[in-house]
Protein chains: 2
Amino acid sequence: MVKPPACRTKLRGLLNTRLFKALGDPTRVGLLAYLAERCAPLTVNEAAQCCPIDISVVSRHLAVLRDAGVLEAAKEGREVRYSIRYPESVKLLRDLADALDGCCPINPTKRKGGKR
Amino acid sequence: MVKPPACRTKLRGLLNTRLFKALGDPTRVGLLAYLAERCAPLTVNEAAQCCPIDISVVSRHLAVLRDAGVLEAAKEGREVRYSIRYPESVKLLRDLADALDGCCPINPTKRKGGKR
DNA sequence: GCATTAGTTGCACGATTGTGCAAATATACA
DNA sequence: TGTATATTTGCACAATCGTGCAACTAATGC
């Protein structure tokens, strides 16, 4: 048994289509980038300033990103502040990169350093 | 000016919707995972063994992944061998993680190590 | 109570997408 | 040449998705 079976299930588990589906729309990544640039939790109204679309659409897009695990919502009074889940998002991307990198033993990307 | 504008353009540039669109379909990620598990370039026929769908659909999906930059195609005679572009894919995921991680100065994911 | 503001949800419509079948293209072999 | 195999492409259809409008819910202030 040459190929480690652990990496398979890990890679399969990390390849969550819901996340990529969420990031597959230009309006949504525009919202995500806007949130990242503003460096602060934004309300739906504030996030809507990023692009000329209806507030209801923005609300739906933010909900999609929240369901995908990229954002988290915090209700404050009558407004909701959406913020990026940095630790989880970054970790997921790094884990995915590591899983893809370490899946094939004869991988040309073979890093010279350690695990991290 | 507190927030570095360099990270913005970097993040925007890395948030390529075509890549995420390609990874947003379960059949395509199934093909990608199958390629990763087999640890070798596969023909369309071989890749089609991963799931019970028509070969033409597999061909189209592989083309989508190729156009997204995840796979590369090498024509050998009358068959085409698709393989994962490990270095580029892994680097893109790591760059995206770094860009997201380093975008906001007051980022809770604040890494203890250096830049890389 | 009523009015206002913030956000979500129902509905409809147009656009995109995934799929299978058949036809077309390309390469190898007799 | 003709035949067989591998892959791609045209076409049609169903399903999903993004969008805007209106209606609805929730919370604040009069």
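Per chain, numbering begins at 1; letters A, B, ... match sequence-line order.
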Participant: Which two nucleotides bound the region of DNA chain D that has atoms under 4.0 Å from heavy atoms of chain B, read 5' to 3'?
Facilitator: D/dA4 to D/dC11
Participant: Kindly write out the residues that satisfy side-chain contact (heavy atoms from CB on, under 4.5 Å) with B/Arg78, not counting sequence neighbours, or none if the list is empty.
Facilitator: none
Participant: Quick one: pull up CG in B/Leu11 and SG in B/Cys104 and give me the separation to the nearest 0.5 Å.
Facilitator: 11.5 Å
Participant: For DNA chain D, which residues in residues 16-29 of chain A have a heavy atom at a distance below 4.0 Å?
Facilitator: A/Lys21, A/Asp25, A/Thr27, A/Arg28
Participant: Mind checking what makes side chain to side chain donor-acceptor pair (under 3.5 Å) contact with B/Thr27, not counting sequence neighbours?
Facilitator: none
Participant: Can you list the residues that meet the side chain to side chain donor-acceptor pair (under 3.5 Å) rule with B/Ser59, with sequence neighbours excluded?
Facilitator: none
Participant: Sequence neighbours left out, what passes side chain to side chain donor-acceptor pair (under 3.5 Å) with B/Asp67? Give chain and number order.
Facilitator: none
Participant: Less than 4.5 Å apart, side chain to side chain, heavy atoms only: is that true for B/Leu15 and B/Leu96?
Facilitator: yes
Participant: With sequence neighbours excluded, tell me which residues meet side-chain contact (heavy atoms from CB on, under 4.5 Å) with A/Val58.
Facilitator: A/Leu31, A/Val44, A/Ala47, A/Ala48, A/Ile53, A/Leu62
Participant: Which residues satisfy the side-chain contact (heavy atoms from CB on, under 4.5 Å) test with B/Arg60, sequence neighbours excluded?
Facilitator: B/Ser56
Participant: Does the pair B/Asp98/A/Arg94 count as a salt bridge with the N-to-O cut at 4.0 Å?
Facilitator: yes
Participant: Under 4.0 Å, heavy atom to any atom of DNA chain D: which of residues 70-79 of chain B qualify?
Facilitator: B/Arg78, B/Glu79
Participant: Linking I/L/V/M/F/W/Y whenever any side-chain heavy atoms sit under 4.5 Å apart, do B/Leu100 and A/Val64 land together?
Facilitator: no
Participant: Are the side chain of A/Arg28 and the backbone of A/Lys21 linked by a donor-acceptor contact shorter than 3.5 Å?
Facilitator: yes
Participant: Students should find this one: the first and last nucleotides of DNA chain C, 5' to 3', lying under 4.0 Å from a heavy atom of chain A. What are they?
Facilitator: C/dT4 to C/dC11
Participant: So if I take residues 53-68 of chain A and measure heavy-atom distances to DNA chain C, which residues fall below 4.0 Å?
Facilitator: A/Ser56, A/Ser59, A/Arg60
Participant: Report yes if some heavy atom in the side chain of A/Leu23 is under 4.5 Å from a heavy atom in the side chain of B/Thr17; otherwise report no.
Facilitator: no
Participant: With sequence neighbours left out, write down each residue that passes side-chain contact (heavy atoms from CB on, under 4.5 Å) with A/Ala73, or none if nothing qualifies.
Facilitator: A/Arg66, A/Val80, A/Tyr82
Participant: I need the A/Leu14 CG to A/Leu92 CG distance, nearest 0.5 Å.
Facilitator: 6.0 Å
Participant: Could you give the distance from CD (B/Glu72) to OH (B/Tyr86), rounded to the nearest 0.5 Å?
Facilitator: 11.5 Å
